[in-house]
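Input: a single structure, listed below in C-alpha cells.
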Amino acid sequence: MQFEPRDQFEQRQKKLEQIQQLGFDPFPREFRWTHTPPELVHAYSQSSAPELEANRRDVRVAGRIVSLRLMGKAGFAHLQGSGGRIQIYVKKDVVGEKGFELFHLLDLGDSVGVRGHLFRTRTNELSIFVEELSLLSKALLPLPEKWHGLTDVELRYRQRYLDLIANDASRQVFATRARIIQELRKFFDARGYIEVETPMMHPIPGGATARPFVTHHNTLDMDLYLRIAPELYLKRLTVGGFDRVYEINRNFRNEGISTQHNPEFTMLEFYEAYSNYRDLMDLNENLFALLATNITGSTTVKYGEYELDFAKFERLSMREAIIKYWPAQLQPVPALSEFSLPDDPAAIARRYNAWAKTAGAPYAAAKGNLTPGEWTGLLFETIAEDKLIQPTILFDFPIDISPLSKQKADDPSLVERFEIYVAGMEIANGFSELNDPAEQERRFLAQIAEGGDESPKRLDVDYIQALCYGMPPTAGEGIGIDRLTMLLTDSKSIRDVILFPLLRPELPESQSDPPAADPSGKA
RNA sequence: GGACCGGUAGCUCAAUGGUAGAGCAGCUGACUCUUAAUCAGCGGGUUGCAGGUUCGAGUCCUGCCCGGUCCA
C-alpha cells in the first residue's frame with residue numbers, strides 16, 4: 001500500500017504507530033455521541049457565555065478535523081460532521097499528558113470524538129471544552145486545501161468523497177436530491193399510488209427508443225438487456241389491477257455522454273388508471289409548483305441566468321412551438337394546417353434548411369428517410385426545443401414518433417402525448433396509454449420493420465398478450481430525476497447531481513507500479 | 001466524431017523560448033483563547049505521455065492520453 005504524496009503518507013503512518021504505542025486504537029469500533037456539530041451550533045446559537053457556564057452542558061461529539069491550531073500546551077480544532085462544524089478546545093491540564101500527546105499526533109482529516117462541555121471563547125465562538133479526546137479513525141492521506149477546496153472538476157467526479165468533504169455546496173446538492181425524491185414519494189403516496197420495483201434486466205428492451213446495454217445470464221444462457229425504461233412492466237401492473245403505481249429507479253441507455261446525459265440515470269415513472277394525458281398535465285402543474293416551493297421555498301427558482309416560474313406553465317402544441325420560434329428572417333411562417341398533409345413537414349424542413357445553410361443557423365439533419373411526423377419532431381428539436389426556457393407543456397405529438405401513445409380521437413396522425421420542457425431540457429414525457437392490443441402490435445411491427453440500433457428486434461408478444469387481458473384507460477408519465485434536480489439545485493451539468501458519473505478510467509500505470517528501490521538517491 | 005479551452009508540488013495557482021516559484025498542506029522548533037493562528041527554519045517536481053524544432057522548451061510544432069465547453 002503506497003499512495004501519493006508519499007512523504008505525507010509515510011509521515012502519517014509513523015504517527016499512527018506512535019498513537020498505538022501510546023495505547024490508543026487508531027481504528028476503534030464505535031463512539032457514542034449526543035449531538036452532531038450542526039445540532040449544537042443550532043441549539044445553542046443564542047446561549048451566552050455566562051449561561052453556558054452557569055448551566056453546564058455536557059456533550060459528546062464526533063467529526064473530522066478540518067482545521068488545527070496547536071499552541072504549546074493547548075490548541076483549537078474544528079470538527080466537521082453532518083454538514084456542520086464546531087470548534088473544540090484542548091488543554092493539556094485538562095486532557096492529561098497522554099491525551100495531549102494524542103492531540104499532537106492528530107492530522108487534518110482524522111476522525112475524532114470528544115467528551116466535554118460547551119463554552120464560548122473570548123471571540124464568542126461556541127466551542128467544546130474537551131475533557132476527553134478519542135481518535136476514531138486515522139487519515140493517512142491529506143485533505144484538499146482548506147481555503148479553496150477542491151476545484152478540479154475531474155477530481156471532484158473521480159474522488160467524490162473529497163468533493164463532499166471539501167465543498168459544502170456539493171454536499172448540499174446531494175442532500176437536496178434526496179429531499180426531492182422524498183417529496184415525490186410523499187406526493188404519490190398521498191394520492192393512493194403504490195411504489196413497485198420491476199426488472200432492470202429485460203429479455204426484450206422496450207418502453208423507449210434507445211440503444212440498450214447487453215449482458216448475459218449463464219444458467220439460462222440468454223442475453224439480457226439493461227432496461228431502457230420500465231414502462232411495459234408498469235403497464236402490465238395496471239392490467240393486474242394496480243391502478244396507481246410508480247417506480248423510482250435507474251434506466252440505462254448506451255448512448256453519448258453530455259451535460260444532460262449519463263448512461264445510467266434515474267427516472268420516476270407513474271401510471272394512473274382511468275385518467276388521460278390532460279389529467280396528467282394538471283397533475284404536473286401542481287406537482288412542480290409544490291416541489292419548487294418545498295425544496296427552494298418559492299415557485300420562482302434561479303437557474304443560471306434565468307428565473308424559472310413554476311407557478312405557471314405555457315401549453316403549446318408541437319406545431320405551435322415550431323411556428324412560435326420560426327426564424328423571423330424566414331418568411332412566410334408556415335401555417336398550422338401546413339403540417340397535416342403527408343409531404344408537408346418534409347417540405348417545410350427543406351425550406352428551413354435552405355435558409356439555415358445561408359444564415360449559419362442549426363440544421364435539421366435527418367439520418368435516412370423520415371416520415372412526416374419524424375420531420376415535425378426534428379423541426380421542433382432544431383427550431384424550438386432550446387427556446388423553451390420557462391416551464392412549458394408541449395403536446396400533440398406525431399404518431400410516428402410515439403409508438404406507445406393513444407391516438408387523438410379527432411386526428412389519428414397525432415397522439416395524446418406531452419412533454420415538459422424547462423431551461424431547454426426535456427424533463428418529463430407522458431401520455432394516454434395505448435391499450436388496444438391490435439394497434440399496439442401494428443406499431444411494434446412497424447418499429448421492427450424500420451430496423452436500426454434503437455429499434456426493438458423482436459415483438460414483445462408477452463406484452464401484447466397482457467394487453468389482450470384488458471388494460472383500463474390509463475395515463476402514464478416519466479420524469480427525469482437528474483434533470484429535475486439540476487433545475488432545483490442550479491446545476492448546469494448532470495454530473496453535478498450524480499454522485500459517481502461515468503468517466504473514462506484513468507490509466508492504471510500510476511498506481512500499479514510495485515515500489516522499486518529508489519533510484520534518485522534521496523530518502 | 002469535429003472545433004475550441006485546459007492538464008505545472010498532495011491541493012489552489014504563478015512563471016517574454018533563458019536557473020521551475022508562491023500560498024496552503026507537510027517536517028523541526030517556540031507558544032495554555034486560536035480561528036485563512038503567529039514566529040523561525042527545512043524538505044517536496046518525469047511541468048499528462050511520446051516525439052520534433054532550437055545553443056536552450058513548462059512555453060513553439062506533431063501525435064496520443066485525460067478532462068471541460070460547444071457542435072454533430
Side-chain angles (χ1 to χ4, degrees), chain A residues 2-15 18 49 65-80 85-97 99-100 103-110 119-130 139-159 162-163 165-167 255-261 304 353 356 360-367 378 381-382 385-386 424 492-496 501-511 513 516 518-520 522-523:
Chain A
Q2 185 62 262
F3 294 95
E4 296 293 327
R6 208 172 268 215
D7 57 337
Q8 296 193 41
F9 188 76
E10 285 166 359
Q11 185 61 42
R12 283 170 181 238
Q13 262 178 329
K14 211 174 292 169
K15 288 183 181 176
Q18 289 174 281
I65 296 177
V66 290
S67 74
L68 193 55
R69 295 173 293 283
L70 265 151
M71 304 165 303
K73 302 188 179 66
F76 290 89
H78 275 97
L79 298 193
Q80 175 173 296
R85 45 178 71 178
I86 187 154
Q87 183 170 257
I88 64 170
Y89 180 46
V90 181
K91 251 172 113 166
K92 189 172 181 181
D93 299 352
V94 181
V95 298
E97 191 82 32
F100 204 69
F103 187 52
H104 265 261
L105 289 168
L106 294 181
D107 287 301
L108 290 177
D110 287 355
F119 77 111
R120 281 190 184 274
T121 62
R122 274 176 209 156
T123 52
N124 210 34
E125 177 167 351
L126 182 71
S127 307
I128 300 173
F129 192 93
V130 175
L140 295 173
L141 288 169
L143 296 182
E145 200 239 5
K146 63 183 173 187
W147 193 242
H148 301 90
L150 188 66
T151 61
D152 183 312
V153 284
E154 187 175 353
L155 283 184
R156 288 185 46 228
Y157 299 149
R158 288 197 195 278
Q159 294 182 277
L162 293 182
D163 181 38
I165 292 168
N167 300 319
E255 291 168 353
I257 294 175
S258 77
T259 49
Q260 292 176 41
H261 299 85
N353 279 337
Y363 196 76
K367 309 177 239 172
L378 182 62
E381 286 171 23
T382 309
E385 180 171 8
D386 63 342
K492 67 181 197 308
S493 170
I494 199 169
R495 290 179 214 101
D496 293 327
L502 185 67
L503 298 178
R504 209 180 290 270
E506 280 179 296
L507 293 175
E509 56 186 5
S510 60
Q511 301 208 339
D513 285 345
D518 190 344
S520 67
K522 60 189 179 201

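In what follows, every chain begins at residue 1, and chains take the letters A, B, ... in the order their sequences are listed.
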- prompt: Base, sugar-phosphate, or nothing for L143(A), non-hydrogen atoms under 4.0 angstrom?
  reply: nothing
- request: May I ask you to say what G149(A) touches in the nucleic acid, namely base, sugar-phosphate or nothing, with a heavy-atom cut-off under 4.0 Å?
  value: sugar-phosphate
- line: Of the listed A37(B), C11(B), G68(B), the closest approach to the M71(A) side chain comes from A37(B)
field: Residue D107(A), side-chain heavy atoms: nucleotide from C27(B), G68(B), G10(B) that is nearest
entry: C27(B)
Integer angstrom distance from the P of C42(B) to that of G48(B): 28 Å
- prompt: With rounding to whole Å, what would you report as the distance between C60(B) and C66(B) at their C1' atoms?
  reply: 23 Å
G17(B) versus C4(B) - spacing of their C1' atoms, nearest Å: 25 Å
G58(B) and G45(B), which share atom name C1', separated by this distance in whole Å: 11 Å
- prompt: What nucleotide among G68(B), U34(B), U12(B) has an atom nearest to a side-chain atom of H148(A)?
  reply: U12(B)
- prompt: If you look at every strand shown and take non-hydrogen atoms under 4.0 Å, does K15(A) touch a base, only sugar-phosphate, or nothing?
  reply: sugar-phosphate
- prompt: Looking only at atom P, what distance separates G21(B) and G26(B), rounded to whole Å?
  reply: 23 Å
field: Check: A139(A) main-chain N/O paired with D110(A) side-chain donor or acceptor under 3.5 Å
entry: yes
- request: Can you tell me the pairing partner of C70(B) across any strand shown, Watson-Crick or G-U wobble, with both distances under 3.5 angstrom?
  value: G2(B)
message: Strictly by Watson-Crick or wobble contacts shorter than 3.5 Å, is anything paired with C39(B), and which nucleotide is it?
response: G29(B)
- request: Could you check G72(A) against P142(A) and say which one's nearest nucleotide on RNA chain B is further toward the 5' end?
  value: P142(A)
query: Given G68(B), is OP1 or OP2 found less than 4.0 Å from the side-chain N or O atoms of R495(A)?
result: yes
- prompt: Looking for any heavy atom pair under 4.0 Å, which part of the strands does D93(A) touch: base, sugar-phosphate only, or nothing?
  reply: base
- prompt: So do R156(A) and D496(A) actually touch side chain to side chain, heavy atoms under 4.5 Å?
  reply: yes
query: Closer than 4.0 Å, any side-chain N/O of T259(A) to the OP1 or OP2 of C70(B)?
result: yes
- prompt: Rounding to a whole Å, what distance do you find between I257(A):CD1 and G68(B):C1'?
  reply: 13 Å
- prompt: Reckon S67(A) has a side-chain N or O less than 4.0 Å from the OP1 or OP2 of C24(B)?
  reply: no
task: May I have the distance from K146(A) (atom NZ) to G26(B) (atom C1'), rounded to whole angstrom?
output: 12 Å
Given U34(B), G26(B), C66(B), the nucleotide with the shortest approach to the side chain of E154(A): C66(B)
message: Contact between K91(A) and K73(A) at the side-chain level, heavy atoms closer than 4.5 Å - yes or no?
response: no
- request: Classify the side chain of Q87(A) and the base of U34(B) as holding, or not holding, a donor-acceptor pair under 3.5 Å.
  value: yes
- request: State, yes or no, whether a side-chain contact exists between F9(A) and L141(A) at a heavy-atom distance under 4.5 Å.
  value: yes
query: Taking the same atom, C1', in C33(B) and in G29(B), what whole-Å distance lies between them?
result: 22 Å
message: Does Q8(A) contact A25(B) through a side-chain donor or acceptor facing the base, at a distance under 3.5 Å?
response: yes
query: Which part of the nucleic acid, if any, lies within reach of K91(A) when heavy atoms closer than 4.0 Å are counted: base, sugar-phosphate only, or nothing?
result: base
- request: Measure the distance from CD on E10(A) to P on A25(B) and round it to the nearest whole Å.
  value: 21 Å
query: Paired with G63(B) by Watson-Crick or G-U wobble geometry, both distances under 3.5 Å: which nucleotide is it?
result: C49(B)
message: Measuring only the C1' atom in each nucleotide, how far is G6(B) from A14(B)? A whole number of Å is fine.
response: 16 Å
- request: For U34(B), take OP1 and OP2 only and decide whether either is under 4.0 Å from a side-chain N or O of R69(A).
  value: no
message: Any heavy-atom pair between the side chains of V94(A) and F129(A) that's under 4.5 Å?
response: yes
query: With sugar-phosphate meaning primed atoms plus P, OP1 and OP2, does F100(A) contact a base, only sugar-phosphate, or nothing at under 4.0 Å between heavy atoms?
result: nothing
field: Candidate nucleotides U12(B), G26(B), G67(B), ranked by approach to the side chain of V153(A) - the nearest
entry: G67(B)
query: What integer distance in Å separates L150(A):CG from C13(B):P?
result: 10 Å
- prompt: Nearest-Å distance, CD (E145(A)) to P (G44(B))?
  reply: 21 Å
query: With respect to L79(A), which candidate in V66(A), I65(A), I128(A) satisfies the side-chain contact (heavy atoms from CB on, under 4.5 Å) definition?
result: I65(A)
- prompt: Does the U34(B) base have a donor-acceptor partner in the side chain of T121(A) within less than 3.5 Å?
  reply: yes
Sub-4.5 Å side-chain heavy-atom contact between I165(A) and L143(A): yes
query: Is there side-chain contact between Q87(A) and R69(A), with heavy atoms separated by less than 4.5 Å?
result: yes
- prompt: Tell me: CZ of R6(A) to P of A9(B), nearest whole Å?
  reply: 16 Å
task: Tell me what F9(A) touches on the nucleic acid: a base, only sugar-phosphate, or nothing, going by heavy atoms under 4.0 Å.
output: nothing
message: Rounded to whole Å, please give me the gap between CG in D152(A) and P in C13(B).
response: 8 Å
message: When the P atoms of A3(B) and C64(B) are compared, how many Å lie between them, rounded to an integer?
response: 10 Å
message: Counting the atoms with a prime plus P, OP1 and OP2 as sugar-phosphate, which does L108(A) contact under 4.0 Å by heavy atoms, base, sugar-phosphate, or nothing?
response: sugar-phosphate
- request: Would you mind classifying the nucleic acid contact of R158(A) as base, sugar-phosphate or nothing, using non-hydrogen atoms under 4.0 angstrom?
  value: sugar-phosphate
U8(B): pairing nucleotide in any strand, Watson-Crick or G-U under 3.5 angstrom: none
task: Could you tell me whether the side chain of F76(A) reaches within less than 4.5 Å of the side chain of T121(A), counting heavy atoms only?
output: yes
- request: Map R12(A) and K73(A) onto RNA chain B by nearest heavy atom, then report which one ends up closer to the 5' terminus.
  value: R12(A)
message: Rounded to whole Å, how long is the line connecting atom CZ of R504(A) with atom C1' of C64(B)?
response: 12 Å
